[in-house]
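Right, one structure below, let's go through it.
Quick note on labels: first sequence line is chain A, next is B, and so on, each numbered from 1. Given the structure is predicted, the values throughout are model-derived calculations rather than measurements.
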Amino acid sequence: MSPKLNPQQLAAVKTIDHPLLVLAGAGSGKTRVITEKIAYLVRQGTPARHIAAVTFTNKAAREMKSRVSKLLDDKQSRGLRVSTFHSLGLDILRAEYKTLEYKSSISLFDEQDRLSLLKNLVSHGIKDCEEDQIDQYNWQIGQWKNAFVTPKQALHLPDAALHAPARLYEAYTRSLKAYNAVDFDDLILLPVLLFQQHAPVLEKWQNRIRYLLVDEYQDTNITQYQLVKLLAGNLGRFTVVGDDDQSIYAWRGAQPENLSQLQKDFGRLQVIKLEQNYRSAGRILKVANHLIANNPHTFEKKLWSELGFGDPLRVLSHKNDIAEAKQIVAEIVHHRFKTGGSYGDYAILYRGNHQSRLFEKELRENNVPYFISGSASFFSHAEIKDVLAYLRLLVNPGDDAAFLRVINTPRREIGPTTLEKLGAYANERHISLFDACSEFGLQQRISEKSTQRLHKFCELITDTAREVETGDTFKTIHRLIDQIHYPSWLQENSKTPAAAERRMKNVLELVEWLERIAVKDGSSDDGDAGASATHAAGAGKSLAEVIAKVMLLDILDRNQEEQAGDQVSLMTLHAAKGLEFPHVFMIGMEENLLPHQNSIETDNIEEERRLAYVGITRAQRTLTFSYCTHRKRYGEMSECEPSRFLAELPEEDLEWANKKQLAPEEVKQRGKANLANLKAMLG
DNA sequence: TTATCCAAGATTTTT
DNA sequence: TCTTGGATAA
């Protein structure tokens, strides 16, 4: 059996009559506390169906589920809700769409859908909005949604510069509603609005979720905190677990202040600190503590461990990024051979996804198995977006984003001119593009031929949708893919036949995946991130339900389960949060990379430092930093400075390899200079 | 309406 | 360097 909980962990598990904040340092067993607590609650008599645990990533949710299943049997954990915030929000929306005056089968807009809708609105003339400001507006709208600011409130903000985006925000919200669609942010925002405005609905959910556990609480934004607060109600039956030093999502609206806010909002709040680390060698923790001490703190915390002090941390320097990749891959190969370990013991961590490229190449050339987490999402593939758009349209013809994506894919000879007219018409009549197609008024504006083509397309969708409802859904989907000649379209539009084949395989994999999720009923598996109370056992899921769920996931998420094997892990520092590896390489320890240039410019070094802290605390036994003196940027060679963070680490714990490149004193000197520069800049 | 070419801009991090 | 989008030609 697993080792005993330490006194603090035990206290955290057993505190169930007070709202509880657990400040859990890296590697202090926070997931264990949450899972043990779920088991404890169940054993104390709270039925699992009244317990909900929310996380931020699918990966974390999956991990938690699998660990709970080791503590409780199927019967005990029946109805337990372990899901991401967004997935919980989706469940709420799907159950309560009527109250929000939505129709069933809501479409979920992804980031691209959202952007193209905004573009469309601006081009159709929202007052004062300028086309080249779209990204700015989009960002602002996101900020508002994260901060629980409604369009109405945004419109009343005094800052005149915000009037244009506020008007766009309002129009955008109206459009989404008209399309029967929501975006990612709405999955949190709408439930909060719903709960605020409809007390009986809130009560129903408070009764359903009688104990709430929140993982990575420091990553919650204002809206998410509202949701937590509403669900927890006055009784405050919740446990949140977080670590302000690992707050690395402020750019996404996360409010680490939510940690201290909790004390203000819940007077009975208890706070428990977990400081014993079960992951890393003492020296790694010493270095991590040393680095993070450069940040201001509201909660003091110092990690320690009983796992021995360990080797010094190494710092490698390279003449360029190619050399960096070559040497580190060579080291991994050598080290693994020497120690007889597994490739799965090694992780290469970096700031930006693009940094993986050279390493990938090098690993491939050396026949080293590797696994990249997070890079290009499965859903960024055009073929996946296409097929999903078809399915979205089948389920919700009002989904204009989906309509636009597939109306001319594969080619149906419906071009921008026709669509422009169609769009204008739909806009005037306040109807969806799909509905506009069959309106008589449209025929007077566009050519006979175009009308026919549009009609033909609509017919295809309508007929297929009918078939989906009455017949075998997935047979129909396969038929549709065939009917539109998608395979040959791929062949014509891929660079190589092999690429076409691969893309077709993706499509088939997607459909198979959807099918699995549809058949599977709910609670415990990878695809479905939350047991849904909305349908009975054995019922299977509607296509709409499956699609919405799937958009919150990623096929990569699923593959990560198979990742466990003998493979080197490559991922961003963000993606590494929550993971651990015996041997960690943090590459690209350079100014403008870590800390990232944008963060330097916006004076947000603290979050970058936390990012470095997260990276360091992933390591169990050895940790190696590396930096280059030159690196190719945008295809051009440029000079690099070692990261200021290297200069912040205790020198006695570092070992400088390849000293010929740059003496440590010099690195320190430069690091200090960088620091001084920054201070000067801040005045 | 579609295909092709060229220029410009991108590389932070994600549900 | 690679991708994307716009302009232009067919």
Legend entry - Test side chain to side chain contact (heavy atoms under 4.5 Å, CB included) applied to A:Phe109 and A:Arg392, step by step: CA-CA 10 Å; A:Phe109 270 32; A:Arg392 278 163 56 182; 3.5 Å; yes

Specify the separation, in whole Å, of atom [atom1] of [X] and atom [atom2] of [N].
X: A:Asp91; N: B:dT15; atom1: CG; atom2: P; value: 17 Å
X: A:Leu187; N: B:dT15; atom1: CG; atom2: C1'; value: 8 Å
X: A:Glu216; N: B:dT13; atom1: CD; atom2: C1'; value: 14 Å
X: A:Lys59; N: B:dT15; atom1: NZ; atom2: C1'; value: 13 Å
X: A:Asp215; N: B:dT15; atom1: CG; atom2: C1'; value: 15 Å
X: A:His596; N: B:dA10; atom1: NE2; atom2: P; value: 12 Å
X: A:Leu573; N: B:dT11; atom1: CG; atom2: P; value: 18 Å
X: A:Asp110; N: B:dT14; atom1: CG; atom2: P; value: 15 Å

Legend entry - Closest-nucleotide 5' rank along DNA chain B - winner of A:Leu419 and A:Thr602: A:Leu419

Inset, instruction - Would you kindly compare A:Tyr249 and A:Glu413 by the position of their nearest DNA chain B nucleotide and give the one closer to the 5′ end? - result: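 Its nearest nucleotide lies further toward 5', so the answer is A:Glu413.
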
Under 3.5 Å: donor-acceptor pair, side chain of [X], backbone of [Y]:
X: A:Ser247; Y: A:Pro256; answer: no
X: A:Arg81; Y: A:Ala53; answer: no
X: A:Ser87; Y: A:Ser83; answer: no

Inset, instruction - Describe the nucleic acid contact of A:Glu111 in one word from base, sugar-phosphate, nothing, applying a heavy-atom distance below 4.0 Å. - result: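 Base, at least one base atom sits under 4.0 Å.
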
Inset, instruction - Tell me what A:Phe56 touches on the nucleic acid: a base, only sugar-phosphate, or nothing, going by heavy atoms under 4.0 Å. - result: sugar-phosphate

Legend entry - Aromatic ring proximity A:Phe645/A:Phe625, centre distance under 6.0 Å: no

Inset, instruction - For residues A:Tyr249 and A:His574, establish whether the separation of their ring centroids is below 6.0 Å. - result: yes

Have [X] and [Y] got a donor and an acceptor in their side chains that come within less than 3.5 Å?
X: A:Asn180; Y: A:Tyr97; answer: no
X: A:Glu324; Y: A:Ser626; answer: yes
X: A:Asn396; Y: A:Ser107; answer: yes

Between N or O atoms, less than 3.5 Å apart, protein on one side and nucleotides 3-5 of chain B on the other: list the pairs.
from: B:dA3; atom 1: OP2; to: A:Arg411; atom 2: NH1; distance (Å): 3.3

Inset, instruction - Measure from the ring centre of A:Trp251 to the centre of the six-membered ring in the base of B:dT13, then say whether that distance is under 5.5 Å and the planes meet at under 30°. - result: yes

Inset, instruction - Write down the atom of A:Pro151, the atom of A:Tyr169, and the distance for their closest heavy-atom approach. - result: N-CE2, 3.4 Å

Inset, instruction - Walk me through it: do A:Tyr486 and A:Glu383 pass the test side chain to side chain contact (heavy atoms under 4.5 Å, CB included)? - result: CA-CA 9 Å; A:Tyr486 200 72; A:Glu383 67 275 15; 3.5 Å; yes

Inset, instruction - Would you please classify the geometry between the A:Phe195 ring and the A:Trp205 ring as parallel, tilted or perpendicular, with 30° and 60° separating the classes? - result: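 A:Trp205 vs A:Phe195 ring planes: tilted.
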
Inset, instruction - Decide yes or no for A:Tyr225 and A:Gln255: does some side-chain heavy atom of the first lie under 4.5 Å from some side-chain heavy atom of the second? - result: no

N/O-N/O pairs, protein side and nucleotides 8-10 of chain C side, under 3.5 Å:
none

Legend entry - C1' gap between C:dG6 and B:dT11, integer Å: 22 Å

Legend entry - Options B:dT13, B:dT15, B:dT2, nucleotide nearest the side-chain atoms of A:Arg252: B:dT15

Legend entry - Minimum-distance nucleotide to A:His354 side chain [options: B:dT15, B:dT11, B:dT13]: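 Of the candidates, B:dT11 comes closest.
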
Inset, instruction - May I ask you to verify if any side-chain N or O of A:Asn58 is less than 4.0 angstrom from the OP1 or OP2 atom of B:dT15? - result: no

Legend entry - A:Thr418 side chain near B:dT1 phosphate (N/O to OP1/OP2, under 4.0 Å): yes

Protein-nucleic acid N or O pairs under 3.5 Å, nucleotides 1-4 of chain C:
from: C:dT1; atom 1: O4; to: A:Tyr634; atom 2: O; distance (Å): 3.4

